[in-house]
Amino acid sequence: MHPQTHPHHETDACVEDLRAALEANGITLPSLGVDLPTFADSLPTRPLIALGNCNQVTARALISALRKAAGR
């Protein structure tokens, strides 16, 4: 494998793990996915995961889950 290529399955697995972790906390980000321009780029960096947009209720749920995980 060329050192600058990114295994697609690793990125997909990361997205699915994040989706599952969010869902375990009652959070759904409908636009969650791979940021395709960064995935297709030939730079040696990893592709970005696009979290997408969410409404205020979802943002508050995410804040609550993160604070709980941080022990606050």
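Please read all numbers here as calculations on a predicted model, not as lab measurements.
- Between G52 and S31, the shortest heavy-atom distance links the atoms CA-CB, 3.6 Å.
- Residue-environment remark: CG (N53) stays at or below the threshold of 12 foreign heavy atoms within 6.0 Å.
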request  = Check step by step if side chain to side chain contact (heavy atoms under 4.5 Å, CB included) holds for T58 and T28.
outcome  = CA-CA 7 Å; T58 302; T28 300; over 6 Å; no
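- Among residues at least two apart or in separate chains, there is no salt bridge (charged side-chain N to carboxylate O under 4.0 Å, His left out) pair with a member in residues 47-69.
- For E16, the salt bridge (charged side-chain N to carboxylate O under 4.0 Å, His left out) criterion is met by R19, not counting sequence neighbours.
- Expressed to the nearest 0.5 Å, how far CG of D35 lies from CG of L48 amounts to 5.5 Å.
- One finds the CG atom of L29 at 12.5 Å from the CD1 atom of I49 (value rounded to the nearest 0.5 Å).
- Residues C54 and A59 come closest through the heavy atom pair SG-N, 3.9 Å.
- For the side-chain contact (heavy atoms from CB on, under 4.5 Å) test, residues two or more places apart in sequence or in another chain that qualify with L62 are L22, I27, L66.
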